[in-house]
Amino acid sequence: MAGALQAERVDVVQGRRRVVQGVSLQVAPGEIVGLLGPNGSGKSTLLKAMLGLKPAAAGRILLDGAPLAGMDRRSAARRIGYLPQDAVSDWPLKVRHVVSLGRTPELSPLRGLSAADLAAVEGAMALMDCSHLADRPVTALSGGERSRVMMARVLAGEPDYLLLDEPATGLDPHHQLRLLAALAALARPPQGKRRGILLVLHDLVLAARFCDRVHLIAEGRTLADGPPATALSADSIERAFAVRPLLLPAGGTIVPLAWEIGS
Ligand SMILES: Nc1ncnc2c1ncn2[C@@H]1O[C@H](COP(=O)(O)OP(=O)(O)OP(=O)(O)O)[C@@H](O)[C@H]1O
């Protein structure tokens with residue numbers, strides 16, 4: 001499909017195990033797709049396959065209809081931004097420097113930061129609420145602050161597609177909402193380029209509220225794919241996670257209050 005990043009019937013093998021099996025998934029510009037599933041279900045492995053960081057043992061990855069495998073790594077990296085799970089920087093670099101590294105695929109080795117690079121870096125820091133941290137060493141930040149900096153680094157690259165592995169984990173409720181609202185604005189800006197966002201989330205309520213589609217996997221296989229209202233039914237949640245929602249009637253509707261252990 002032109003204008004999408006797609007996994008087509010993808011298998012990935014880790015050691016001797018097929019940890020992703022026959023998964024087909026796509027994200028198009030303008031969409032936020034949530035990849036959900038229990039621990040060890042293959043979410044991170046699938047993201048890595050969609051970036052070309054892990055080979056697909058079967059199936060293929062297509063970027064705008066062309067196989068990713070045949071593409072130059074640098075141009076693919078320019079188009080697909082990636083936030084790994086537990087992204088960290090071990091060097092005591094200043095926050096602004098770390099975020100500017102997100103422009104790396106745009107920079108030639110001999111060129112400094114252009115006005116456009118600087119604007120992208122400052123814009124990304126503002127979106128992730130880390131402008132006030134710009135001159136601090138990244139190693140001296142709290143866990144949530146560091147996560148926001150690593151997210152800003154991805155945004156600074158202005159990629160067409162963003163693959164984000166648990167970007168909301170470790171953020172306080174304010175910054176979780178701010179992150180998801182920023183992603184929604186990046187996916188569908190009032191004007192300018194639309195972006196496709198695929199993100200791993202463990203928070204079902206955030207997924208239901210912000211994702212256009214949810215792809216639910218368990219043991220490496222697809223359980224559901226569709227709008228949150230159908231993909232996150234109480235039945236599919238129980239099948240995937242073995243929990244049931246505790247429902248609370250509120251203002252004429254019913255909202256999940258908490259989860260209890262299911263079968
Ligand atoms: N390098 C590796 N070598 C062997 N097995 C691996 C490797 N990396 C991951 N696995 C296994 O592959 C399976 C899928 O792992 P993956 O990291 O994709 O899960 P996940 O859905 O992202 O989990 P989580 O929610 O805990 O982050 C797990 O059973 C894991 O133990």
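Read the numbers this way: they start at 1 and go in the same order the structure lists the ligands and their atoms.
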Open item on the list: Looking only at protein heavy atoms, which one is nearest to atom 17 (O) of ligand 1, and what is the separation?
Closed with: Ser44 CB, 3.7 Å

Task: Atom indices of ligand 1 within 4.0 angstrom of Ser41 heavy atoms, with elements - done: 19 (O), 20 (P), 21 (O)

Open item on the list: Pairs of nitrogen or oxygen atoms closer than 3.5 Å, one from Gly42 and one from ligand 1: do any exist?
Closed with: yes

Open item on the list: Give me the atom names and distance for the closest heavy-atom approach of Met50 to Leu25.
Closed with: SD-CD2, 4.1 Å

Open item on the list: Testing the basics here: between Leu199 and Pro167, what is the closest heavy-atom pair and its distance to 0.1 Å?
Closed with: CD1-CG, 3.8 Å

Open item on the list: Using every non-hydrogen atom in the two residues, find where Ala76 and Leu68 come nearest and quote the distance to one decimal.
Closed with: CB-CD1, 4.0 Å

Task: Side-chain donor or acceptor of Asp225 paired with backbone N/O of His215 under 3.5 Å - done: no

Open item on the list: Show, in sequence, the C-alpha distance, side-chain angles and deciding distance for Glu31 and Arg194, and conclude whether the salt bridge (Lys or Arg N to Asp or Glu O under 4.0 Å) test is met.
Closed with: CA-CA 8 Å; Glu31 274 191 318; Arg194 292 184 154 216; over 6 Å; no

Open item on the list: Same cluster or not: Ile217 versus Val13, using hydrophobic residues (I, L, V, M, F, W, Y) connected whenever any side-chain heavy atoms lie under 4.5 Å apart?
Closed with: no

Task: Close-contact set for ligand 1 against Val19 heavy atoms, below 4.0 Å - done: 12 (O), 13 (C)

TODO: Just jot down the ligand 1 atoms closer than 4.0 angstrom to any heavy atom of His202, in number order.
DONE: 25 (O)

- [ ] Compare Gln14, Lys48, Arg18 and give the one whose heavy atom is closest to atom 9 (C) of ligand 1.
- [x] Gln14

- [ ] Report, in ascending order of atom number, the atoms of ligand 1 lying under 4.0 Å from any heavy atom of Gln85.
- [x] 27 (O)

TODO: Could you tell me which atoms of ligand 1, counted from 1 in the order shown, lie closer than 4.0 angstrom to a heavy atom of Pro38?
DONE: 21 (O)

Open item on the list: Looking only at distances, can you tell me whether any N or O atom of Gly37, backbone or side chain, sits closer than 3.5 Å to an N or O atom of ligand 1?
Closed with: no

TODO: Identify the protein heavy atom lying closest to atom 26 (O) of ligand 1, giving its residue, its atom name and the separation to 0.1 Å.
DONE: Asn39 ND2, 3.1 Å

TODO: Would you check if the side chain of Lys43 reaches a backbone N or O of Pro38 as a donor-acceptor pair within less than 3.5 Å?
DONE: yes

Task: Side chain Arg153, main chain Gly102, donor-acceptor under 3.5 Å - done: no

Open item on the list: For atom 31 (O) of ligand 1, what is the closest protein heavy atom, and at what distance to 0.1 Å?
Closed with: Arg17 NH2, 4.0 Å

TODO: Look at the side chain of Thr139 and the backbone N and O of Trp91, then say whether any donor-acceptor pair between them is shorter than 3.5 Å.
DONE: no

Task: Protein contact of atom 23 (O) of ligand 1 - nearest heavy atom, named by residue and atom, plus distance - done: Gly40 N, 2.8 Å

Task: Identity and separation of the nearest protein heavy atom to atom 21 (O) of ligand 1 - done: Lys43 NZ, 2.7 Å

- [ ] Show which atoms of ligand 1 fall inside a sub-4.0 Å distance from at least one heavy-atom site of Thr45.
- [x] 14 (C), 15 (O), 16 (P), 18 (O)

